[in-house]
Amino acid sequence: LGIDLTTLGLNLNSPDNLYKTFGSPWSNEPAKGDPDFHIPSCYF
Amino acid sequence: DLGAIGDNLTGTSASSGHDQLYNLQMLEAAFHKLPQPKDSERAKNYVPRHPAVTPASYPQIQAPIVSNPTFWERIGSDTLATDMLFFAFYYQQNTYQQYLAAKELKKQSWRFHRRYNTWFQRHVEPQVTTDEYERGSYVYFDFHVTDDGSGWCQRIKNDFTFEYNYLE
Amino acid sequence: FASAADFQDKVAVLFSEWCQICDHPAMGDSVYSHYIVQLQQNGLLKGDDVTDRFFFSLTELAIAHSIVPEQTIAPTGLSQQPSPQQQISYFSIDSYSKLVASVVKSVDLGPNKGSLLHKILAVTARIIQKDAEEKKVSFNPRPYFRLFINWLNELTTSDLHHDGTNFQVLTAFANAFHILQPLRVPAWSFAWLELVSHRCFMPKLLMCNLQKGWPFFQRLLVDLFKFMEPYLRNAELGQPILLLYKGTLRVLLVLLHDFPEFLCDYHFSFCDVIPPSCIQMRNVILSAFPRNMRLPDPSTPNLKIDLLAEISIAPRIMTDVDGALKAKQMKAQVDEYLKRPEGSLFLTDLKQKLLLPQNEANVAGTRYNVPLVNSLVLYVGMQAVQQLQQNKANASASAQINQSPQMDIFQIETATELFRNLVMTMDTEGRYLILNAIANQLRYPNSHTHYFSFIILYLFAEATQEIVQEQITRVLLERLIVNRPHPWGLLITFIELIKNPRYSFWTRSFTHCAPEIEKLFESVARSCG
């Protein structure tokens, strides 16, 4: 009958995009380390 | 046997081609050499621009909390707190801290002027607003040199025109 | 260079110089750029075969220096633990990846800037394939994984202001991952899926350049499904393929949540390579609907599907639906039959045309050409929908008759006759695949969902043998009893089947053929409201 997909560690009701903290296909944990950010060049 | 599982079982036994068996063996081997979380972690390569030797009792690495967005969101909007944001913005360039400080400044209604490289905040509602610009009195954060020395301070600019094509 | 060995030695010297530079991070960028100028002056960065050999040697050096010599582990007790992961020292790989990132960013080979990156990726792909072929089960994927993760972090930016360059870089990686797909390098499958779904790659490829990256990512997903397909046909999965399967589900859930339109637009191509037994995974794809769409609750009493605005809009299908038909030179015959069915012999040997030659059947695990069946069903359905909408437009233009919004059977009787003929003349397996191809179109509110929902219910009502009704029920039910998500179109079709007295569903003997079946139907009926 398949898997209860809510047990795969992804918050499927999250209002935010999941990809920002998607750690790995093998883990239930969100990604560690600095999330992706970018600074406009005029800030330098 | 009218549905999915039944029908296809018959076909499978005849379809264990060498390549499928080989692929499964290779997959099995890879199963024991999964990428580890540390394989993806970027070395915290925060390299101080001008490293200075400090007593060993001083913290030698950045406190993790400065990488936590919540820490920056909690910084208030009084002058001292805002100065902290400006410090991170101007003195920790190209780091996650600068990114978080800029985000917080924008949340506190500061706007970055790309030509003057300066943050402005409306002091009062602008007198004129068009699609291209707005004009009025603004507070701005500036490095200021006076006869009694220099330093950062907030000043007021009246009758300033903020052209939107300079808005970051 | 006097000889290959001499060349190798020179490269080794250059590499150790670079590593020393990297070992002192406080050194400014000027040292890096000076080193790169030297490489250019040595003629190593012209983009010719010397460049290839240069990066080939550098890659082998970086990888060779990353593997810490195997620690000999004495067997512990009876159960020999799988040998712990080999230790990897990242320094040589991080240094090499930094050299490549610096070179790619600073050396401009002219208008097609991406070419140096393409070259280096092509060399790296060649090395990985060679290494995996030679080492087989002792191939270690992790050093190469580290190399690519570094490059993805350093070379892709989310700076949408530089979308053009970013797109070139992302598609260069997409092409490299396609070359290194699991069917070619199975020992790299787990590293491959982690890279392809990485937050520095997948979302950027899907968000940049107005969806131009979508075909590249669709191709990578198809690569993955093709690799898993032979193993997923059975219900039992060994640990490795189960892990890969669960990993795929996670990636699909991220796509379902963040990029549902991508899954909507490519569902047809994915259904071709997902085995019919993979019901839940296929449901994830078929459950996707555009984010700006609000789906009415399927169990709403007296829900008027026909009155939904979206129901008459055709869904976007980004893959060519008639590709398989054209490949078998059947498209013209289908068109001819739909235009002039009288006296056509098209239906007489249609079943034969859908069968695979014996040798291919063994490999495919089924006697039928599933992509051809899928193509025929959807293509015919699309013609019927277009015809319907054309007639409706004519009718409302002439405003002669007040045409009911209901599907007007007579205008699509040719297509319906084709589906009825298929369902009546096919054997159990063939009929299952036809019904599956129809059920794969039961998705979010659109004109295909509307049409195929009508068709499958019509086939149920018109069936002269109960086995057909049983099989239609089976195809719908097996998609509903798996864990969520369930496609909206599937739910509204099943609810209509069990509620509308026209189908007298509950009087069918198979709904009472065993107590647990009876309970199953009731529980599904309850969960459908």
- Task: From the options C:H257, C:M207, C:K204, select the one residue that forms a side chain to side chain contact (heavy atoms under 4.5 Å, CB included) with A:Y19.
- Result: C:M207
- Name the option with the most non-hydrogen atom pairs under 4.5 Å to chain C; the candidates are A:G23, A:G2, A:G9. A:G2
- Item | Minimum side-chain heavy-atom gap C:P485-A:L5 below 4.5 Å | yes
- Item | Spacing of A:T7 atom OG1 and C:K246 atom NZ [to the nearest 0.5 Å] | 6.5 Å
- Item | Interface residue of largest heavy-atom contact number with chain A, from C:V251, C:L244, C:L253, under 4.5 Å | C:L253
- Message: Looking at A:T21, is its backbone amide N or carbonyl O close enough to the side chain of C:R199 to form a donor-acceptor pair, meaning the two atoms are under 3.5 Å apart?
- Response: no
- Item | Per-residue contact mode, A:S14 against chain C (heavy atom under 4.5 angstrom) | both
- Under the ring-ring contact (aromatic ring centres under 6.0 Å, His included) test, residues paired with C:F201 that sit two or more places apart: C:F177
- Taking everything shown except C:E522 itself, do over 12 heavy atoms lie less than 6.0 Å from its CD? yes
- Task: Examine whether an atom of A:N28 lies under 4.5 Å from a heavy atom of chain C, and if so say whether it belongs to the side chain, the backbone or both; otherwise answer neither.
- Result: both
- Item | Whether C:E194 side chain and A:P25 backbone form a donor-acceptor pair below 3.5 Å | no
- Among C:I481, C:L249, C:L256, which residue forms the greatest number of heavy-atom pairs with chain A at distances under 4.5 Å? C:I481
- Roughly how far apart are A:L18 CG and C:F259 CZ, rounded to 0.5 Å? 10.0 Å
- Query: For the atom pair NE2 (C:H198) and OG (A:S24), what is the distance rounded to the nearest 0.5 Å?
  - Reply: 9.0 Å
Please table the atom pairs, donor to acceptor, closer than 3.5 Å between any side-chain atom in residues 281-289 of chain C and protein atoms at least two apart or in another chain.
unit_1	atom_1	unit_2	atom_2	d
C:N283	ND2	C:R479	O	2.9
C:S287	OG	C:N283	O	2.5

- Message: Once you measure the plane-to-plane angle for C:F190 and A:W26, does it fall in the parallel (<30°), tilted (30-60°) or perpendicular (>60°) bin?
- Response: perpendicular
- Query: Of the backbone (N, CA, C, O) and the side chain (C-beta and beyond), which part of A:L12 lies under 4.5 Å from a heavy atom of chain C, both, or neither?
  - Reply: both
